[in-house]
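A quick write-up on the structure given underneath.
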Amino acid sequence: MTQTGQITSIKDPRVAEARELTAASARTRLHKCLLEGSESIVWAIEARLPIEHVFYSASHEHDPVLSQLHQHGIPSYLVSDGILKKISDTSYLVPLLGVARISQALTEPETMGDFVVVLDRVQDHGNIGTIVRTASAFGIRDIVSTTSSLDLFYKKIISASRGRVFETRVQRFQSGGEAIAALKQRGYQVIATSPYARDIQAMAPLQARPVALVVGNETEGIADDIVRNADIVVQIPMSGQVESLNVGVATGISLYELKFRMVLTMLIDYIRSNTGREVNIAGKLILQAFDAQIRKVSDLTGQQAVLLMILVCDQLMTREQVMRDTGALPHELDALLQPLIEKGYIHYTDATQDSIAPTESSERILAQLWSIVERAEQNVLAGFSEQEKAQLREFLKRIQENCTRIVEES
Ligand SMILES: C[S@@+](CC[C@H](N)C(=O)[O-])C[C@H]1O[C@@H](n2cnc3c(N)ncnc32)[C@H](O)[C@@H]1O
């Protein structure tokens, strides 16, 4: 049953604790924060931040947020407007105030995503909140701070971020140097921003690696040692008499451009290194290598020579079997068979042209080709041990089986 009731004493321990939470030091010590106003409370519910309890003014006893809280089993207490003002430490009334727990996963995260924003001594709470909100809009939920004092749970940051701080992880370092060294060690490419940089952001050479975007203090910009140690320093080109952009605005532009380019770079890298492409290229190169060796002594391609070898063994094959044994696709089949028919190496045994048999000349040409095909195979697998060759065949067979299953299932 949800606990609701009235608190009348300013000395009540829940009130005393909430009063403390206006100070950053208490938030850090208690791992809790103050939610000021109904919007903050709703953002916290949406972010599944564990809310311990809420204090409300008599003027708001029918506020829909209270029934939302009751549905979630969160206790709410009626308190006087005087106590509410004492808790928020304001001369004006904030009619709903909540206390929520801050999980360690947000303040001491063990992992970070592929794109992080590094705040180098950014001071203004509105700017910090805007940056968190914009980053969140681009799917970025990791903030790195070059100072140990950054506290995202300050009321102005909560409201400027529209509650996105409740889902943002923050890693704090003692200095810029320490932050950059740690990021580089974890494989991030560090991109610093400055209105005075030589490289234009849109042209910056990105690698297919996670990105740490550094933005700087409103007056001083990014510290010199960070600029020196960054992998790239970029500027957003400006025209006119403007010295620099507001850091929140600059971060928005950089995030949009760099996140898009990072995803594209990673995608291209993935396409270049994916299994299908590697196997496809290997298959084509093997055929070329066979062709090159076999053409030295005959007018056949490697694939045709392999087909003749199988056909001479089996004596009769259907078109289906030919495709299966040579790897030819349906639209490639006629181009494979027709030259062999014209050169008199094979013939159809039925009117429907589905069964294929070898002729005597195919046996003659095979006598010359046998050893060459075998040598070509040995050359293609040069350097492989017998065990590796067996493994390779096994792996390829498994890939083929997986692919066949995927095609059949769809
Ligand atoms: C107001 S600016 C600081 C200007 C300061 N005079 C300086 O030396 O950089 C705050 C931050 O916004 C970013 N910034 C502002 N304008 C920029 C631009 N045109 N190109 C790249 N970054 C910019 C940088 O991260 C900068 O450190």
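Atoms within each ligand, like the ligands themselves, are counted from 1 in listed order. Quick caveat: nothing in here was measured; it's all calculated off a predicted structure. Heavy atoms only: backbone and side chains are in, while hydrogens, waters and symmetry mates are out. Residue numbers run from 1 in the order of the sequence given.
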>> Just to verify, what does Asp334 make a side chain to side chain donor-acceptor pair (under 3.5 Å) with, not counting sequence neighbours?
In response: Arg319
> What distance do Gln400 atom CD and Arg393 atom CZ have between them, rounded to the nearest 0.5 Å?
Replying inline: 12.0 Å
> Should the pair Glu386-Lys389 be classified as a salt bridge under the 4.0 Å nitrogen-to-oxygen rule?
Replying inline: yes
>> Going by the rule ring pair (Phe, Tyr, Trp, His ring centres under 6.0 Å), which residues pair with Phe55 if we only count those two or more places apart in sequence or in a different chain?
In response: His53
>> At less than 4.0 angstrom from any atom of ligand 1, which residues have a non-hydrogen atom? List them by chain and residue number.
In response: Thr193, Ser194, Pro195, Tyr196, Val215, Gly216, Asn217, Glu218, Thr219, Glu220, Gly221, Ile222, Val234, Gln235, Ile236, Met238, Glu243, Ser244, Leu245, Val247, Ala250
Donor-acceptor pairs are to be reported for all side-chain atoms of residues 141-154 against protein atoms at under 3.5 Å, with residues two or more places apart or in another chain.
from, atom 1, to, atom 2, distance (Å)
Arg141, NE, Glu167, O, 2.9
Arg141, NH2, Glu167, O, 3.3
Asp142, OD1, Arg169, NE, 2.8
Asp142, OD1, Arg169, NH2, 3.4
Asp142, OD2, Gly113, N, 2.8
Asp142, OD2, Arg169, NH2, 2.8
Ser145, OG, Thr147, N, 3.1
Ser145, OG, Thr147, O, 2.7
Ser145, OG, Thr147, OG1, 3.2
Thr146, OG1, Leu119, O, 3.4
Thr146, OG1, Asp120, OD1, 2.8
Thr146, OG1, Arg121, N, 3.4
Asp151, OD1, Phe153, N, 3.1
Asp151, OD2, Arg27, NE, 2.6
Asp151, OD2, Arg27, NH2, 2.5

> Does the cation-pi check pass for Arg14 over Tyr77, that is, NZ or CZ under 6.0 Å from the six-membered ring centre and within 45° of its axis?
Replying inline: yes
